[in-house]
Amino acid sequence: RGLGNEVPFYAFDYPPESEEQVREHVRFVLEAAPKRRPGLRIRSINLFELLVAMLEARGLYDKSVAMQQAKGDDALLKALKAPLDADKVAAEIMKAVPQGTCDVVFLTGVGSAYPLIRTHTLLNSLQPHMGLMPLVLFYPGRYDGQSLQLFGQLGERPYYRAFRLVG
């Protein structure tokens, strides 16, 4: 627990060029955990896949692909701002991990989800809802304890609530 007695979020930041290695290691951890720590319930959510599923559920995925081809990225991002609002995405994550159903949440696919959603905004939306469930963010970039830099270049607003998993 953090200073304010909240369950902290953890950021596992890594060089973007290590994405495939990290994906493989996450798969390994998910397979090995039940054998090494029976009873530990880990739920892994790929953020990009979640966003696609949200669009598909509302019948917006094919329309989004067509809009991107016809009008470009900027028009698509503007059109998806409301359907993929951080509070709505946080609510979908919480539906996937109801209280008491898991011990830790792994959040992957963050790089693939950019620029559809910004990580700091999503984490801010998730914080009040996570309860006692720790979250591990697998982040292709840098987190220095104060700010997230996706791909080591793109600056995000300051985010102070996560703890760097590996120093």
Side-chain angles (χ1 to χ4, degrees), residues 9-31 33-34 41-99 101-131 133-143 148-157 159 161-162 165:
F9 287 174
Y10 296 94
F12 179 80
D13 59 338
Y14 56 91
E17 56 272 12
S18 299
E19 179 70 26
E20 285 302 315
Q21 286 177 289
V22 171
R23 285 182 190 180
E24 185 58 39
H25 192 70
V26 169
R27 278 191 286 273
F28 169 77
V29 168
L30 293 172
E31 290 173 11
R41 302 167 299 170
I42 302 172
R43 176 73 165 100
S44 182
I45 298 173
N46 182 297
L47 184 57
F48 180 73
E49 291 173 4
L50 179 74
L51 297 180
V52 169
M54 288 175 67
L55 292 174
E56 288 175 338
R58 293 189 57 194
L60 297 175
Y61 181 77
D62 291 332
K63 292 175 185 176
S64 297
V65 171
M67 176 181 274
Q68 191 276 334
Q69 292 171 343
K71 298 183 179 181
D73 294 341
D74 291 337
L76 177 64
L77 290 175
K78 185 176 180 182
L80 293 180
K81 188 172 185 169
L84 298 180
D85 174 74
D87 290 333
K88 291 177 183 174
V89 176
E92 286 298 313
I93 290 172
M94 295 314 300
K95 282 184 198 173
V97 290
Q99 293 294 329
T101 62
C102 68
D103 300 307
V104 63
V105 176
F106 284 2
L107 189 59
T108 65
V110 172
S112 301
Y114 176 82
L116 297 172
I117 191 163
R118 300 301 293 256
T119 308
H120 75 279
T121 306
L122 177 60
L123 293 177
N124 281 329
S125 293
L126 278 172
Q127 186 73 37
H129 304 289
M130 291 297 291
M133 282 188 289
L135 180 136
V136 178
L137 172 71
F138 290 88
Y139 193 77
R142 286 193 299 257
Y143 179 61
L148 297 159
Q149 295 177 330
L150 191 62
F151 310 128
Q153 299 173 3
L154 302 172
E156 296 235 16
R157 290 196 171 99
Y159 186 80
R161 294 182 184 148
L165 194 56

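Just so you know, these numbers use all the heavy atoms, side chains as well, and skip hydrogens, waters and symmetry mates.
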Subject >> All pairs passing side chain to side chain donor-acceptor pair (under 3.5 Å) where residues 90-99 contributes a residue, at least two apart >> reply: Glu92-Lys95

**OP:** Mind checking the CZ-CG spacing from Phe9 to Asn124? Nearest 0.5 Å is all I need.
**Re:** 9.0 Å

Below 3.5 Å, can you tabulate the donor-acceptor pairs from side chains in residues 48-77 to any protein atom, sequence neighbours excluded?
unit_1: Ser64; atom_1: OG; unit_2: Leu60; atom_2: O; d: 2.6
unit_1: Gln68; atom_1: NE2; unit_2: Asp73; atom_2: OD1; d: 2.7

**OP:** Look up atom CZ in Phe106 and atom CG in Leu137, then write down how far apart they are to the nearest 0.5 Å.
**Re:** 11.5 Å

Original post:
Roughly how far, to the nearest 0.5 Å, is CG of Leu107 from CZ of Phe138?
Top reply: 9.5 Å

Subject >> Closest non-hydrogen atom pair, Cys102 against Arg43 >> reply: SG-CB, 4.0 Å

Original post:
Pro134 and Tyr10: which non-hydrogen atoms are nearest, and at how many Å?
Top reply: CB-CE1, 4.4 Å

Subject >> Pairs satisfying salt bridge (charged side-chain N to carboxylate O under 4.0 Å, His left out), at least one member in residues 101-115, at least two apart >> reply: Arg41-Asp103

Subject >> All side-chain hydrogen bond (donor to acceptor under 3.5 Å, both in side chains) counterparts of Asp13, not counting sequence neighbours >> reply: Arg164

Original post:
What closest approach, in Å, do Tyr139 and Leu150 show between heavy atoms, and which atom pair accounts for it?
Top reply: OH-N, 2.8 Å

Original post:
What pairs with Glu31 under salt bridge (Lys or Arg N to Asp or Glu O under 4.0 Å), at least two apart in sequence or on another chain?
Top reply: none

Subject >> Counterpart residues, side-chain hydrogen bond (donor to acceptor under 3.5 Å, both in side chains), relative to Arg142 (two or more places apart) >> reply: Gln149

Contacts under 3.5 angstrom, residues 82-91 side chains, donor-acceptor by atom type, not counting sequence neighbours:
unit_1: Asp85; atom_1: OD2; unit_2: Asp87; atom_2: N; d: 3.0
unit_1: Asp87; atom_1: OD1; unit_2: Ser125; atom_2: OG; d: 2.7
unit_1: Lys88; atom_1: NZ; unit_2: Ala82; atom_2: O; d: 3.0

Original post:
Who passes salt bridge (Lys or Arg N to Asp or Glu O under 4.0 Å) against Glu17, sequence neighbours left out?
Top reply: none

Subject >> side chain to side chain contact (heavy atoms under 4.5 Å, CB included) against His25, all qualifying residues, sequence neighbours excluded >> reply: Phe28, Val29

**OP:** Would you please name every residue forming a side chain to side chain contact (heavy atoms under 4.5 Å, CB included) with Arg23, sequence neighbours left out?
**Re:** Glu19, Glu20, Arg27, Ser112

Original post:
Which atom pair, heavy atoms only, marks the closest approach of Ala33 to Ile42?
Top reply: CB-CD1, 3.7 Å

